[in-house]
Amino acid sequence: MATLPNPLPKLAADPSGRSLGLRLPAGALVDTTDEGLWHEPLLWCADGRALPGGWAALEPARRAGLLPVVLETGDGHGGPDRWQLMPGKVSYPGDHDAEEALAEYWEEHAEEGAPWPGTAEPAGPDRDPDTMAGDLVDILLEDGGPLKEPRLALVPARRSADVPAAIGWTGPANHEGDTARLSAVLRSWEDRFGIRLVTLGFDHLMLSVATPPTTPGAAEAVAAEHFAFCPDNIHQGADPTLGAYARHQVLNQPVWHFWWD
């Protein structure tokens with residue numbers, strides 16, 4: 001895939017990141033893929049547990065072309081060096097149309113004959129997406145939070161939506177072999193709903209949502225997109241219907257979570 005110049009190699013000789021205007025905690029560069037070592041680092045990952053305030057401390061990395069994300073490493077699959085990353089199999093998100101990808105997923109997984117309803121309308125301006133993401137991360141990283149062994153990471157990417165594709169993430173491999181197509185959808189959600197990718201695990205991700213749908217009709221339209229993007233969200237829910245999912249997981253919800261079996 002097309003990428004920005006990668007600033008991560010500078011951290012090999014400068015682990016603190018001072019040359020990039022950073023003060024990084026102890027960490028390591030990750031270049032391990034399913035097919036051996038990649039020709040350059042894919043990400044930087046901190047050694048220790050992420051704490052509230054850590055995300056904000058990484059904000060200067062954006063000026064260097066690095067975006068923060070919290071990796072969940074204690075869910076039984078270990079850290080990103082064990083995630084079977086496959087950057088060589090991923091295309092560029094900008095080469096894909098989000099609605100076309102969603103329509104194809106819908107046709108494959110929806111009931112036979114059910115027409116694709118199309119993408120939902122934007123929800124309108126609300127909170128600043130980056131502020132929303134930082135606030136959510138601090139909540140998630142509090143003592144007793146839901147994340148298991150969270151670690152801060154930095155990924156060379158143009159935008160939050162591109163992070164999964166940039167590292168060759170294979171979490172949705174049973175649903176989509178080219179993660180760039182899912183990143184294209186995330187780009188569309190960035191533009192329409194102010195999402196930011198805040199956490200990534202072996203087979204799941206979490207988004208902050210600055211402008212979630214605020215009416216039942218809008219929530220149902222977004223629920224259809226969620227079903228196409230990640231059918232397991234609905235199929236394996238307590239009430240596996242789009243209507244219930246829209247009411248409980250989309251309407252006015254500032255967090256969207258996706259998990260692939």
Distance only, no hydrogens: is a donor on one side chain within 3.5 Å (strictly under) of an acceptor on the other, for E72 and H204? yes

Ignoring hydrogens and geometry beyond distance, is a side-chain donor-acceptor pair present between D14 and S16 at under 3.5 Å?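 The criterion, which ignores hydrogens and geometry beyond distance, is satisfied for S16 and D14.
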
Around E121, counting heavy atoms of other residues, nucleotides and ligands shown, do more than 12 lie under 6.0 Å from its CD?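 No, not enclosed.
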
Is it the case that the side chain of T179 and the backbone of W169 share a donor-acceptor pair, with hydrogens and angles ignored and the cut-off at 3.5 Å? yes

With distance as the sole test, does H77 use its side chain to make a donor-acceptor pair with the main-chain N or O of W83 at under 3.5 Å?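 No.
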
In terms of the angle between their ring planes, are H226 and F258 parallel, tilted or perpendicular, with boundaries placed at 30° and 60°?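 Answer is perpendicular, since the angle exceeds 60°.
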
For residues 227-248, the salt bridge (charged side-chain N to carboxylate O under 4.0 Å, His left out) pairs (sequence neighbours left out) are none

Return a table of donor-acceptor pairs under 3.5 angstrom between the side chains of residues 134-148 and protein atoms on other chains or two or more places apart.
{"from": "D135", "atom 1": "OD2", "to": "R127", "atom 2": "NH2", "distance (Å)": "2.6"}
{"from": "D138", "atom 1": "OD1", "to": "G53", "atom 2": "N", "distance (Å)": "2.8"}

Are M206 and F193 linked, directly or through intermediate hydrophobic residues, by side-chain heavy-atom contacts shorter than 4.5 Å (ILVMFWY only)? no

Which heavy atom of D162 sits nearest a heavy atom of A157, and at what distance? CB-CB, 4.2 Å

Shortest non-hydrogen contact from K10 toward S19: CB-OG, 4.4 Å

Who else is in the cluster with L37 when I, L, V, M, F, W and Y are joined by side-chain contacts under 4.5 Å?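 Reading the cluster by chain and number, L37 sits alone, since nothing else belongs.
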
Kindly compute the distance separating CG (D203) from NE2 (H175), expressed to the nearest 0.5 Å. 13.5 Å

Output field: ring centroids F229/W260 closer than 6.0 Å: yes

Can you find a pair of side-chain heavy atoms, one from L66 and one from L58, that are under 4.5 Å apart?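 Side-chain contact under 4.5 Å: no.
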
